[in-house]
Amino acid sequence: MADGNHLYLVDGSSYIFRAYHRLPPLTNRHGQPAGAVYGYTTMLWKLADSLNKADGPTHMAVILDASEHTFRNEMYDKYKAHRPPPPEDLVPQFPLIRVATRAFSIPCIEEAGLEADDIIACYVHEAKRAGWKVTIVSSDKDLMQLVEDGKVDMLDTMNDRRIDSAYVREKFGVGPTELGDVLALMGDKVDNIPGVAGIGPKTASQLIAEYGSLEAVLANAENITKPKLRQSLIDYADDARLSRKLVELVCDAALPQPIEELALTGIPKEPLQEFLEEQGFKALLNRLTGDGGPTSGRSSSGGGLDLAAASIASTPARPAEPEAISVDRSKYETVTDEESLDRWIAEATALGRVAVDTETDCIDCIIARLAGISLATEPNRACYIPVGHSGADLYSDAPNQLPMALVLEKLKVLMEDSAVLKIGHNFKYDWVMFDKAGIDTDPVDDTMVMSFDLDAGLHGHGLDELAKLHFEHECIPFKQLCGTGKSQITFDKVPLKEATEYAAEDADITLRLWQRLKPRLAADNVARVYDRVDRPLVPVISRMERRGVKVDRDYLAKLSREFSEEIVKLEERIYESACGPFTIGSPQQLGEVLYGRLGLKGDRKGKSGQYSTDVNELERLAGEGIECARLVLDWRQLSKLKSTYTDALQAQINPETGRVHTSFSLAGAQTGRLASNDPNLQNIPIRTEIGRKIRDAFVAEPGNVLMSADYSQIELRLAAHMADVPQLKTAFRDGADIHNMTAEELFGSADRDNRNKAKTVNFAILYGISSWGLAERLGISKEEGKFIIDRYFERFPGIRTYIEQTLQFARENGFTRTLFGRKTHFPNIRAGNPSHRGGAERAAVNAPIQGTSADLIKRAMARMDRALDDAGLEGVKMLLQVHDELVFEVPEGREEEAAAVVREVMSSAAEPALKLDVPLDVEVGWGEHWGAAH
DNA sequence: GGTCTCACG
DNA sequence: GACGTACGTGAGACCA
């Protein structure tokens, strides 16, 4: 369990009462009572400070009582009836508890109808199921029922005491499992649990210890010698049974927030500092900002950073120093007998973690067949298990491999063991391979995603590149084993000795990478985005890729033929107007024809000094009446559509599934967006009518429809929230047309022309504007462009502040963050070259907005399957993501229900982590093909 | 392999 | 005054 998760559940409600009674009546700087809040704050501080220490929390939540009335009142109307009202000067402190918790960026959980104790019990139950350790921060005796040695303990922060079952036994004479029976017998004055009159803690423990259970005590009441005790047990047996039910903790209610979302990493400094200042808690404030921070004196490398991590954020990111390692490939083992396999699995199980890599005969995981699996448990301790190697006639060792079915059967137990963390590099691929074998791998860490969350923008995240970067180690190149080009062989043909060296090395490096990167997640304050946004997405994306989307091949073929005919016609006319044939697809030749042979005016552009023939130039010429330019534009459009879409897409249809399986890259775009490749399904045409036809090729299976749900104007909404622009926020809340509104602010009226201009300006703002760029787009002078930008800043002052602050932060730190903490690095932000620097600045202005949008849709995706399942919509399948759009296959007749669930999940994606000032509107449509779903 | 062009958000 | 010029992608065609 050394590397397992450890959930800390803080019993906030009981803590505050104890803090109130224990601390002097302090007041905050507004003169309001704040003693209990102060005590509470120091307690959270202490807990957060133990983050990443041995046995410290990896996950944490504060649990509060939401309401007075619970199911126990239904059961027993006098429950807690005699409880006196809380002291007058404690009452105003209750809401501050939530404020304090938020300041620490720790999730705060409460649920109507449930007491804090029950919510805690539910989380304990779930965490145990997931193989996590749990510590309940409380000293409440009812909660001691949950203690289970090695799995669940309690922490009494006031007395600095761990509560285990020995402690419970010492105090109550029975273990945690019998404690409920003792509590039922003895009753509780404060909660008004009746118990059995005349029986206190001592007698209760004695009885339970002697008879074993409450029911046994009641059954044997007649035999009890002490007459008074005997009579009480007989008279109050019903009270005892009622009490038993009242002290029973509910552990099967739905969790208000999944446990994975409770990941605790660092504590961002800003909100905490603001809270401490607001309350005037000077001592803590000094600890936060001064040198004597709570973690000073401790090593800042590796783990152990939490509150201090906040101050790390103000130092620019430095590339990590490589760590010298020695890889000894001779230590790797080829597993070809059952006994060795069992030994490796046992070792991984005992350790609770294992690096895994699969080797196959093809890079496309959908059609790939397994060649072997490698495992690593410690540096230099790795093995390769061949299962699909062929060529027995070529290599004498090939027949030695274990049967694939046997290996998979044994590995299934390991891969599905919730107490064993599986570590992979780009695990999505391996996940699919195991999924095809009926193995549901969980839990998973992905070192590629970790590297991306830590260092996006600094370098790539491939295993070989990272090995070189972090360890100065050169991995065996794939080419060396399999060759290239025509003579390339597949991995299942590689001799076992070489295959073992290559495959085991990958697992070995992955494990070492994990050891190096994992502690940095907390130290760099990205564990939250990793744990809550990107990591949960790995299996979600894997499933989407495996499902694929159905494409109508005949329809595409028909389109191809139509485009072909049209292209031929256009070619003839182009040659005619250009006085002779040439390669239209060659920008070079086209440039010569237009600006040489036809003598038109044009600009040379780019490094190569070639004439530009892009769409802007051709549009300009076409506007001047040059027919040839118009024809070339049409030709370009059609040949693009044909080659990239109608032809290429047909070739991408998987013969087995009849569907197209894209690959989504999790570490693709610097901003945190996904990228789609092989084929790219995120750039299917929609903007022109003719291109749109290609969307009609994307269809649903018979009996289903395709449903599309997209966020409306999400980036502008986020800009309104993040830059805090009141007019924009109001407009979005009122459902106004945002471009019309901008047009009115900028130009005084909103006719069609002004609206289009305003739209361009709105986008320009998101992308990091320059007056020249805007002028170019709008076809106006640079001065006019500047005037419009100035006016925009004047009307929406928040935008200018946002841009300035973002750039200042980026210059100081070398990176930006999204609202969910995702980092994007900009090594060029202080470059001497103004062009490079300017590029980095514009990207830095855009990254927090584009990245937050990416975070939001990823959060929605991570929750989607569960939400659909909960609504009984298992038949609804998420297929594609296109940045602000999700595409589903939905059984006919279930469209309305599915739309409601999808809309709800997407529009509430920010919650509960964030409360946005703007609504996230989602537009949903469906039809027999993608084209009809918009 | 680099460059250009263009498809998408 | 020069620097180039909207942010983020992937893919196909051409050309050396």
Side-chain angles (χ1 to χ4, degrees), chain A residues 456-457 582-591 603 605-618 632-633 635-649 651-652 662-665 667-688 690-692 694-695 710-716 719 760-778 782 785 789 816 824 826 831-851 853-854 857 880-885:
Chain A
F582 65 101
T583 310
I584 305 169
S586 162
Q588 199 183 36
Q589 290 187 33
L590 178 64
D603 295 322
K605 267 193 188 171
K607 297 173 200 164
S608 51
Q610 211 177 280
Y611 288 111
S612 167
T613 65
D614 68 13
V615 66
N616 293 322
E617 288 296 300
L618 294 184
V632 170
L633 279 170
W635 181 92
R636 277 221 182 124
Q637 181 182 24
L638 287 174
S639 43
K640 171 87 179 178
L641 293 177
K642 181 167 155 26
S643 66
T644 311
Y645 300 105
T646 55
D647 287 352
L649 222 41
Q652 295 275 3
T662 184
S663 169
F664 289 103
S665 156
Q670 315 283 307
T671 52
R673 272 191 179 179
L674 299 179
S676 158
N677 51 42
D678 289 312
N680 183 354
L681 296 186
Q682 289 181 325
N683 71 346
I684 302 302
I686 192 168
R687 290 174 187 172
T688 65
I690 185 149
R692 245 186 135 107
I694 291 163
R695 295 220 160 200
D710 67 291
Y711 284 114
S712 153
Q713 316 258 32
I714 188 163
E715 292 195 5
L716 263 181
T760 301
V761 179
N762 275 331
F763 277 104
I765 295 297
L766 297 179
Y767 296 150
I769 198 167
S770 75
S771 51
W772 194 95
L774 182 66
E776 188 80 341
R777 293 257 154 173
L778 289 178
K782 205 178 147 188
I789 293 168
T816 59
T824 304
F826 297 94
N833 180 329
S835 165
H836 292 169
R837 190 176 62 241
E841 285 174 351
R842 291 191 300 274
V845 168
N846 177 251
I849 298 168
Q850 188 182 117
S853 157
I857 197 162
L880 298 175
Q881 187 251 44
V882 193
H883 311 307
D884 64 357
E885 172 187 10

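Quick caveat, the model's predicted, so the values are computed rather than measured. So that the names make sense, note that chain A is the first sequence line, chain B the second, and so on, each numbered from 1.
- Between B:dA7 and A:R687, no contact under 4.0 Å exists linking OP1 or OP2 to a side-chain N or O.
- Not counting sequence neighbours, the partners of A:T646 by the side-chain hydrogen bond (donor to acceptor under 3.5 Å, both in side chains) test are A:S560.
- Every salt bridge (charged side-chain N to carboxylate O under 4.0 Å, His left out) that A:E841 has, sequence neighbours left out, goes to A:R811.
- With sequence neighbours left out, the salt bridge (charged side-chain N to carboxylate O under 4.0 Å, His left out) criterion links A:K640 to no other residue.
- A heavy-atom distance below 4.0 Å to DNA chain C is reached by these residues of residues 832-842 of chain A, ordered by number: A:P834, A:R842.
- Considering only residues two or more places apart in sequence or on other chains, A:D678 meets the salt bridge (charged side-chain N to carboxylate O under 4.0 Å, His left out) condition with none of them.
- Heavy-atom contacts from other residues, nucleotides or ligands closer than 6.0 Å to CZ of A:R837 number more than 12.
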* Structure fact -> Per-residue pairing states of DNA chain C in dot-bracket (Watson-Crick or G-U under 3.5 Å; . unpaired, | other strand) read ......|||||||||.

Atom pairs and distances, donor-acceptor, side-chain atoms in residues 765-773 of chain A, under 3.5 Å, two or more places apart:
| unit_1 | atom_1 | unit_2 | atom_2 | d |
| --- | --- | --- | --- | --- |
| A:S770 | OG | A:G773 | N | 3.0 |

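- A:V632 is linked by a side-chain contact (heavy atoms from CB on, under 4.5 Å) to A:I574, A:I584, A:L590, A:L618, A:C628, A:R636, counting only residues two or more places apart in sequence or in another chain.
- Partners of A:Q637 under the side-chain hydrogen bond (donor to acceptor under 3.5 Å, both in side chains) rule, at least two apart in sequence or in another chain, are A:T688.
- The outermost nucleotides of DNA chain C lying under 4.0 Å from heavy atoms of chain A, listed 5' to 3', are C:dC3 to C:dC15.
- Partners of A:Y645 by side-chain hydrogen bond (donor to acceptor under 3.5 Å, both in side chains), not counting sequence neighbours, listed by chain and number: A:N683.
- A:T671 meets the side-chain hydrogen bond (donor to acceptor under 3.5 Å, both in side chains) test with A:Q850; sequence neighbours excluded.
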